[in-house]
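First up is the structure itself, then whatever we jot down about it.
One-based numbering, in listed order, for ligands and for the atoms of each. This is a predicted model, so every value here is computed, not measured.
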Amino acid sequence: MPQDQTVLFHSTVFGPIRSRRLGISLGINLLPDDGKICSFDCIYCEAGYNAQGKGSTGLPPREKVASDLRQTLIRMKTQESPLDVITFSGNGEPTLHPMFPQIIDDVIAIRDKYYPAAKISVLSNSTRITDPAVAQALLKVDNNILKLDSAIDTTMHLIDNPASPAFTIDNLIPALARFGDKCIIQTMLLRGTHRNHTIDNTTPQEISALISAYTRIRPARVMLYSIDRSTPEENLSAIPRTELLSIARKIQDAGIKTQVN
Ligand code: SF4
């Protein structure tokens with residue numbers, strides 16, 4: 001049985017938290033405060049499975065995102081708190097918010113006013129990058145971090161559970177390649193079992209498929225990471241850091257800048 005999970009973020013703006021990938025990060029959650037909405041249903045999702053429901057609070061209006069962020073940044077500035085990055089993550093997929101492009105413009109303007117040196121990052125599962133308005137918005141941020149957990153369809157489906165059957169590696173890789181070095185690819189490496197299927201996206205076949213996908217995409221860099229907290233599928237294990245580093249070396253040998261978080 002999957003273990004109980006609670007939604008991690010109970011507000012639109014949360015933190016700042018120290019992120020192992022991004023530094024001191026203030027989070028923006030464009031999803032409900034009390035539920036999860038995502039076009040994936042990853043077996044490792046720290047927010048739990050989609051089955052927990054969408055909650056009752058709905059998506060935060062554009063004006064609330066702007067005013068919550070402004071107030072938080074004013075308070076942080078008064079306290080002279082450091083800030084490296086404003087990160088869109090939260091209880092699901094941020095690009096599903098219908099005002100995502102407008103919100104990106106607002107957040108850039110607010111960042112420029114209060115913390116001009118802070119970066120803006122979006123953690124996205126890549127399901128909405130073929131929408132031109134979403135793609136254009138993602139091109140405006142400093143760190144456009146897009147998910148690719150496996151370049152083999154069966155494995156990607158087992159790990160990420162995309163809601164749309166049209167979401168396939170064949171469609172995804174050219175869409176990611178259109179961003180080229182205007183994106184960072186993030187890959188979660190893990191091993192375990194899920195519904196009686198063995199999952200391991202670190203096998204030689206998986207890594208070779210990932211390397212040829214990265215080579216087609218030519219991202220600014222690849223971020224490799226593994227499980228760090230409890231996951232809704234209990235039968236998963238983290239990949240040791242030494243192994244992540246050895247996989248990273250193989251990717252780097254193919255000419256792709258790679259970091260391990
Ligand atoms: S894409 Fe992100 S938010 Fe959505 S299920 Fe996967 S890990 Fe969770």
Side-chain angles (χ1 to χ4, degrees), residues 2-12 14-15 17 19-22 25 27-55 57 59-60 87-97 100 103 121-131 134 138 141 143-151 153 155-169 171-172 175-176 183-192 194-195 199 201 222-239 261:
Q3 65 197 73
D4 285 344
Q5 288 283 315
T6 51
V7 167
L8 288 179
F9 308 112
H10 295 287
S11 57
T12 301
F14 58 92
I17 54 174
S19 154
R20 67 197 153 122
R21 276 168 279 170
L22 303 165
S25 167
I28 298 186
N29 170 32
L30 297 187
L31 292 312
D33 289 353
D34 62 346
K36 183 187 165 202
I37 300 178
C38 196
S39 41
F40 275 1
D41 200 10
C42 302
I43 56 175
Y44 60 81
C45 181
E46 291 172 0
Y49 283 130
N50 294 350
Q52 69 191 279
K54 297 177 176 176
T57 60
L59 304 181
T87 306
F88 287 80
S89 59
N91 304 327
E93 170 54 31
T95 64
L96 291 174
H97 195 296
F100 177 76
I103 290 171
S121 297
V122 177
L123 296 172
S124 167
N125 65 15
S126 316
T127 52
R128 299 252 303 136
I129 57 174
T130 49
D131 179 308
V134 169
L138 289 172
V141 303
N143 297 317
N144 169 27
I145 304 173
L146 300 173
K147 190 185 289 295
L148 176 68
D149 287 336
S150 169
D153 270 309
T155 311
M156 182 271 285
H157 276 264
L158 276 169
I159 296 176
D160 298 334
N161 285 305
S164 165
F167 190 83
T168 61
I169 295 298
N171 292 335
L172 175 60
L176 290 170
C183 76
I184 295 164
I185 298 291
Q186 177 176 259
T187 301
M188 158 65 86
L189 295 172
L190 50 75
R191 278 195 278 267
H194 175 61
R195 295 188 181 140
I199 297 175
N201 60 351
V222 166
M223 285 177 161
L224 297 182
Y225 71 125
S226 192
I227 295 165
D228 193 37
R229 304 203 181 95
S230 67
T231 53
E233 171 53 76
E234 288 178 308
N235 300 309
L236 299 177
S237 43
I239 307 301
N261 297 103

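S25 and S19 form no side-chain donor-acceptor contact under 3.5 Å, judged by distance and modelled atom types alone. Remark: the Y44 side chain and the D149 side chain contain an N/O donor-acceptor pair separated by less than 3.5 Å.
Legend: residues meeting side chain to side chain contact (heavy atoms under 4.5 Å, CB included) with T155, ordered by chain and number and at least two apart, are S150, I152, I159, N201, E206. Residues forming a ring pair (Phe, Tyr, Trp, His ring centres under 6.0 Å) with F14 (at least two apart in sequence, or on another chain): F9. Residues that satisfy the salt bridge (Lys or Arg N to Asp or Glu O under 4.0 Å) test with R229, not counting sequence neighbours, are E46.
For the pair K36 (side chain) and G48 (backbone), a donor-acceptor distance under 3.5 Å is present.
Short contacts between ligand 1 and K147, defined as distances under 4.0 Å to a heavy atom of the residue, involve ligand atoms 1 (S).
Screening the protein for N, O or S atoms under 2.8 Å from atom 4 (Fe) of ligand 1 yields 1; no waters enter the count.
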